[in-house]
Amino acid sequence: MGVVHAEIELINADDLAMVRRSQLDKDEVKRMVVNMLVDSGAYMMAINESIQQQLDLPFIDTRKSIMADGSIVEHDVVGPIIVKFKNRTATCNALVLQGNSEPLLGAIPMEEMDVIIHPLRQEMIVNPEHPYYAQLKLKGFTKPKI
């Protein structure tokens with residue numbers, strides 16, 4: 001399978017919380033549209049330093065990650081970020097890659113948005129089995145008996 005990219009809107013979730021508390025005007029919410037590499041083999045979302053600065057995302061933690069070449073690198077984790085694709089949203093944190101590295105959409109936000117990679121079209125699409133809303137899997141959860 002080839003390389004798949006998607007146009008993703010990223011929004012500073014802290015800004016949205018401030019709008020709900022009437023501490024910030026909705027026009028001041030930091031947001032941007034980013035062309036991201038879609039990688040279902042990666043768990044988390046990764047953004048670069050430029051995106052982190054433009055969205056003014058706060059530092060949360062540091063985490064070690066295994067890179068594609070097998071090296072282990074420590075990255076800052078920032079967030080929370082609202083991730084939007086078509087009629088889907090997810091809320092997640094992101095690893096911060098150095099410089100202007102290519103941003104990456106991983107499996108965790110993809111699962112939350114219920115999107116898939118269409119292998120023939122080489123693009124990310126809304127799950128056709130659930131076109132109007134995201135359906136999440138809660139494996140191991142059983143319906144209580146009444």
Side-chain angles (χ1 to χ4, degrees), residues 1-119 121-141:
M1 185 158 64
V3 177
V4 175
H5 288 85
E7 293 292 315
I8 306 293
E9 184 177 16
L10 302 177
I11 304 167
N12 182 320
D14 282 351
D15 284 0
L16 288 179
M18 290 173 62
V19 169
R20 285 191 298 273
R21 292 190 300 269
S22 299
Q23 297 173 329
L24 188 70
D25 186 69
K26 66 181 179 180
D27 295 333
E28 296 178 83
V29 173
K30 290 177 267 325
R31 59 179 67 221
M32 64 190 306
V33 176
V34 179
N35 188 31
M36 299 186 90
L37 174 64
V38 179
D39 186 357
S40 60
Y43 293 120
M44 292 187 69
M45 183 168 69
I47 59 174
N48 59 42
E49 292 172 330
S50 175
I51 295 168
Q52 189 276 329
Q53 289 170 359
Q54 289 180 60
L55 292 176
D56 192 26
L57 297 165
F59 171 84
I60 295 173
D61 197 5
T62 57
R63 292 226 180 121
K64 293 184 180 182
S65 17
I66 301 172
M67 305 303 284
D69 65 2
S71 62
I72 297 175
V73 179
E74 190 168 271
H75 295 100
D76 287 348
V77 177
V78 297
I81 306 169
I82 306 291
V83 181
K84 287 187 158 192
F85 175 76
K86 301 201 179 205
N87 66 339
R88 303 301 166 93
T89 62
T91 304
C92 63
N93 297 324
L95 298 172
V96 180
L97 305 174
Q98 290 183 342
N100 274 334
S101 298
E102 183 173 33
L104 168 73
L105 184 69
I108 292 172
M110 289 176 65
E111 284 287 324
E112 186 175 342
M113 291 189 293
D114 193 15
V115 295
I116 60 173
I117 297 172
H118 192 290
R121 292 173 22 194
Q122 291 293 294
E123 65 180 348
M124 186 171 79
I125 62 170
V126 167
N127 187 338
E129 293 180 15
H130 317 120
Y132 304 111
Y133 58 88
Q135 184 170 311
L136 304 176
K137 298 174 190 166
L138 294 176
K139 293 187 179 200
F141 177 76

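The analysis underlying the following values was restricted to heavy atoms, covering all of them including side chains, and did not include hydrogens, waters or symmetry mates.
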What are the two closest heavy atoms between Met36 and Ala46, and how far apart are they?
CE-O, 3.8 Å
Compare every heavy atom of Val115 with every heavy atom of Val126, then report the nearest pair and how far apart it is.
CA-CG1, 4.2 Å
Drop me the distance from Leu10's CG to Lys30's NZ, to the nearest 0.5 angstrom.
13.5 Å
Interatomic spacing from NE2 in His130 to CD1 in Ile116 - rounded to 0.5 Å
10.0 Å
Distance check, rounded to the nearest 0.5 Å: Ile8 atom CD1 versus Met32 atom CE?
13.0 Å
Find out whether Met110 and Leu105 are in side-chain contact, i.e. whether some heavy atom of one side chain is under 4.5 Å from a heavy atom of the other.
yes
Sequence-distant partners of Asp14, salt bridge (charged side-chain N to carboxylate O under 4.0 Å, His left out), two or more places apart:
none
Just to verify, what does Phe59 make a side-chain contact (heavy atoms from CB on, under 4.5 Å) with, not counting sequence neighbours?
Thr62, Asp76
Among residues at least two apart in sequence or on other chains, which ones pass side chain to side chain donor-acceptor pair (under 3.5 Å) with Ser101?
none
Holding to salt bridge (charged side-chain N to carboxylate O under 4.0 Å, His left out), I want the full list of residues that pass it with Arg121, two or more places apart in sequence or in another chain.
Glu123
Within this structure, what is the CE-OG1 distance for the pair Met113 and Thr89, rounded to the nearest 0.5 Å?
8.5 Å
Run the salt bridge (charged side-chain N to carboxylate O under 4.0 Å, His left out) test against Asp114 and tell me which residues pass, sequence neighbours left out.
Arg88
Does Leu55 offer a backbone N or O that forms a donor-acceptor pair with the side chain of Asn12 under 3.5 Å?
yes
N/O donor-acceptor pair under 3.5 Å between Glu49 side chain and Gln98 backbone
no
What are the two closest non-hydrogen atoms of Pro80 and Asn93, and how far apart are they?
CA-OD1, 3.6 Å
Applying side-chain contact (heavy atoms from CB on, under 4.5 Å) between Leu104 and each of Leu95, Asn48, Asp39, report the one that passes.
Asp39
Excluding sequence neighbours, so at least two apart, what forms salt bridge (charged side-chain N to carboxylate O under 4.0 Å, His left out) with Arg63?
none
Quick one: side chain to side chain donor-acceptor pair (under 3.5 Å) partners of Ser50, sequence neighbours excluded?
Gln54
Provide the closest heavy-atom pair for Pro103 versus Asn35 in the form atom of the first, atom of the second, distance.
CG-O, 3.8 Å
How long is the span from the CD1 atom in Ile125 to the NE2 atom in His118, to the nearest 0.5 Å?
5.0 Å
How about Ile108 and Met45: do any of their side-chain heavy atoms sit closer than 4.5 Å?
no
Roughly how far, to the nearest 0.5 Å, is CD of Gln122 from CD1 of Ile117?
8.5 Å
By side chain to side chain donor-acceptor pair (under 3.5 Å), Glu9 pairs with (sequence neighbours left out) Arg31
Residues, nucleotides or ligands: over 12 heavy atoms within 6.0 Å of Gln23 CD:
yes
Determine the minimum heavy-atom distance between Ala6 and Phe85, stating which atoms define it.
CB-CE1, 4.1 Å
Any residue meeting side-chain contact (heavy atoms from CB on, under 4.5 Å) with Ile72, in chain and number order, not counting sequence neighbours:
Lys64, Ile66
For the CD atom on Glu112, are there more than 12 heavy atoms of other groups (residues, nucleotides or ligands in this structure) within a distance under 6.0 Å?
yes
Taken in chain and number order and not counting sequence neighbours, the residues that satisfy side-chain contact (heavy atoms from CB on, under 4.5 Å) with Ser71 are Met67, Asp69, Val73
Where is the tightest heavy-atom contact between Ile47 and Leu57, given as atom of each residue plus distance?
CD1-CD1, 3.7 Å
Residues that Glu74 engages under side chain to side chain donor-acceptor pair (under 3.5 Å), provided they are two or more places apart
none
Mind checking side-chain contact (heavy atoms from CB on, under 4.5 Å) for Glu129 and listing every partner two or more places apart, or none if nothing turns up?
Asn127
